[in-house]
Amino acid sequence: MNETANTHDSAKLMERVLFEVKRVVVGQDRFLERVMVALLSQGHLLVEGVPGLAKTLTVKTLANAVQGSFKRIQFTPDLVPADLIGTRIFNQKTSEFSTSLGPVFANLLLADEINRAPAKVQSALLEVMQERQVTIAGETHKVPSPFVVMATQNPIETEGTYPLPEAQVDRFMMKVLVDYPSADEEFVIVQRVTGERLDLVPVASLDDLRVLQRECQQVYVDPALVRYSVNLVMATRNPASVGMPEAKKYITFGASPRGTINLIEASRALALMRGRRYVLSEDLLDLAHDVLRHRVALSYEAISEGVTADALITKMMAKIAAPVKPMQSKDEEIKRAA
């Protein structure tokens with residue numbers, strides 16, 4: 001009974017946060033849901049969409065709703081790693097060095113157009129994304145908790161851009177594609193932006209968010225769902241294992257074990273958002289493309305033939321049957337305990 005009450009309270013709190021953000025941000029429900037999933041599961045988000053789709057506004061509004069700190073870094077070709085993580089500064093009056101921390105020290109960090117900066121700058125985020133800390137002149141500095149990086153890419157312009165290092169791409173829990181709003185949504189957007197400004201009211205605290213993150217880690221995942229996730233990720237490395245030998249020529253390499261882990265963690269967060277303490281197959285299926293699309297490296301042959309990672313993942317999901325009764329082992333465990 002207590003667990004049911006806690007689940008209800010958690011769902012209500014997340015509903016209030018989403019409602020407050022939607023007072024400012026119109027549409028983009030799927031994108032906002034993915035941002036919340038990343039926040040609850042402590043993962044990072046790679047977002048691809050044209051400019052002007054409220055990506056920055058969404059993250060900033062969410063940070064204000066949970067009373068967290070927000071920083072935005074505009075990636076440009078002249079950036080250096082110290083512009084992100086910080087550096088040591090010599091004080092001539094005291095003849096001592098002091099540490100000036102960079103903008104990565106925030107709860108929600110927006111790396112805008114991350115592919116505009118060279119690889120050495122992008123790689124400066126590797127340690128902080130994985131370890132939640134940075135090292136400056138041999139000293140380790142922890143970033144605030146919670147900490148989520150949301151990086152954006154512009155799919156239109158490729159001139160003056162740099163590809164992201166594969167090691168960094170793999171550290172993003174999900175890659176989300178953001179599309180244009182509908183005509184009705186755009187009508188509301190124009191009315192809201194040109195009308196009276198709405199004042200956002202914080203509805204949660206960082207302590208509330210930390211509690212939700214701990215609850216997210218306790219969401220039950222049936223072993224059958226874990227096995228399904230493993231089989232799906234294995235199929236991206238060896239398509240012949242699911243009866244797709246012809247797909248091998250389209251894939252340079254598939255998803256790493258981090259992809260399996262991220263799929264489970266993201267599904268836990270989505271289940272909690274949907275008011276459940278257990279993951280269902282529909283949670284995994286809903287998130288599979290977002291978690292895996294950036295981890296499947298396509299060959300030149302796939303690019304030339306117009307084959308996408310999403311199309312390959314869809315075919316693999318069709319070949320692998322999702323568990324029909326993912327809670328069966330949990331039910332048997334409860335019966336044995338009784």
Side-chain angles (χ1 to χ4, degrees), residues 1-22 29-45 58-59 61-70 106-108 129-130 132 142-150 172-174 176 201-226 228-229 258 260-288 290-291 323 326-331 333-334 337:
M1 185 70 178
N2 186 37
E3 183 175 319
T4 304
N6 288 340
T7 303
H8 180 74
D9 292 342
S10 300
K12 281 290 184 182
L13 178 58
M14 287 182 284
E15 186 179 325
R16 288 201 305 271
V17 172
L18 287 171
F19 176 79
E20 192 63 28
V21 175
K22 287 181 180 180
D29 290 346
R30 181 180 176 83
F31 170 50
L32 181 55
E33 183 183 63
R34 294 313 189 251
V35 175
M36 282 295 296
V37 166
L39 200 57
L40 291 174
S41 55
Q42 304 181 64
H44 307 296
L45 209 59
T58 299
V59 181
T61 305
L62 183 59
N64 291 334
V66 298
Q67 302 180 61
S69 56
F70 168 79
N107 296 119
L108 276 83
M129 289 175 68
Q130 184 66 28
R132 264 72 176 180
K142 294 282 186 181
V143 294
S145 177
F147 174 74
V148 173
V149 175
M150 195 186 94
F172 286 102
M173 172 176 276
M174 292 179 285
V176 182
V201 179
V203 294
S205 66
L206 290 178
D207 288 335
D208 293 330
L209 184 56
R210 294 185 190 102
V211 170
L212 290 175
Q213 288 176 337
R214 287 194 294 269
E215 290 181 6
C216 183
Q217 294 171 349
Q218 296 170 1
V219 173
Y220 176 75
V221 184
D222 192 273
L225 290 174
V226 178
Y228 173 80
S229 301
R258 192 181 277 123
T260 313
I261 295 169
N262 286 170
L263 184 55
I264 295 298
E265 290 178 338
S267 298
R268 277 176 162 168
L270 189 58
L272 190 65
M273 289 179 63
R274 291 172 172 175
R276 285 184 272 104
R277 292 281 175 157
Y278 53 89
V279 174
L280 294 177
S281 300
E282 61 196 57
D283 301 319
L284 285 170
L285 298 175
D286 199 14
L287 291 164
D290 294 324
V291 174
M327 288 292 290
Q328 187 171 4
S329 63
K330 184 67 171 178
D331 292 338
E333 181 184 327
I334 293 173

Go through the structure and list residues passing salt bridge (Lys or Arg N to Asp or Glu O under 4.0 Å) with Glu282, not counting sequence neighbours.
Arg276
Please examine the side chains of Ile264 and Leu284, heavy atoms only from C-beta on, and report whether any two atoms are closer than 4.5 Å.
yes
From Met14 atom CE to Asp208 atom CG, the distance as rounded to the nearest 0.5 Å
11.5 Å
Rounded to the nearest 0.5 Å, what separates atom CE in Met150 from atom CZ in Phe70?
8.0 Å
Does Asn262 have any side-chain hydrogen bond (donor to acceptor under 3.5 Å, both in side chains) partners at least two apart in sequence or in another chain, and if so, which?
Arg295
Contacts of Ala106 meeting side chain to side chain contact (heavy atoms under 4.5 Å, CB included) (sequence neighbours excluded), chain-then-number -> Ser69, Lys71
Could you tell me which residues satisfy side-chain hydrogen bond (donor to acceptor under 3.5 Å, both in side chains) with Ser145, sequence neighbours excluded, listed by chain and number?
none
Quick one: list whatever passes side chain to side chain contact (heavy atoms under 4.5 Å, CB included) with Lys142, sequence neighbours left out.
Gln133
Quick one: pull up CG in Leu18 and CG in Leu13 and give me the separation to the nearest 0.5 Å.
9.5 Å
Would you please test Asp29 and Lys22 for salt bridge (charged side-chain N to carboxylate O under 4.0 Å, His left out) and show each step?
CA-CA 9 Å; Asp29 290 346; Lys22 287 181 180 180; 3.7 Å; yes
Sequence neighbours left out, what passes side-chain hydrogen bond (donor to acceptor under 3.5 Å, both in side chains) with Asn64? Give chain and number order.
none
Gap separating the CG atom of Leu206 from the CG atom of Asn107, nearest 0.5 angstrom
5.0 Å
How about Arg277 and Glu215: do any of their side-chain heavy atoms sit closer than 4.5 Å?
yes
Restricting to non-hydrogen atoms, name the atom on Tyr228 and the atom on Leu285 that form the minimum distance, rounded to 0.1 Å.
OH-CD2, 3.1 Å
Which atoms form the tightest heavy-atom contact between Gln67 and Ala204, and what is the distance?
NE2-O, 2.9 Å
Looking only at heavy atoms, the pair that brings Val148 and Ala38 closest together is CG2-O, 4.0 Å
Give me the atom names and distance for the closest heavy-atom approach of Ala266 to Met173.
CB-SD, 4.0 Å
The side chain to side chain contact (heavy atoms under 4.5 Å, CB included) partners of Glu20 (sequence neighbours excluded) come to Arg23, Leu200, Val201, Val203
How long is the gap from CG on Leu39 to CG on Leu108, to the nearest 0.5 Å?
5.5 Å
Residues passing the side chain to side chain contact (heavy atoms under 4.5 Å, CB included) test with Asp286, sequence neighbours excluded, are Arg30, Glu33, Arg34, Leu270, Arg274
Does any non-hydrogen side-chain atom of Phe31 lie less than 4.5 Å from one of Leu45?
yes
Please examine the side chains of Leu263 and Ser267, heavy atoms only from C-beta on, and report whether any two atoms are closer than 4.5 Å.
yes
Heavy-atom side-chain contact between Phe147 and His44 under 4.5 Å:
yes
In this structure, CD of Glu265 is separated from OG of Ser229 (nearest 0.5 Å) by 11.5 Å
Of the non-hydrogen atoms in Leu209 and Leu40, which two are nearest, and what is the gap between them?
CD1-CD2, 4.2 Å
Smallest separation among heavy atoms of Val221 and Val226, with atom names:
CG1-CG2, 3.8 Å
Would you check if the side chain of Ser281 reaches a backbone N or O of Pro323 as a donor-acceptor pair within less than 3.5 Å?
yes
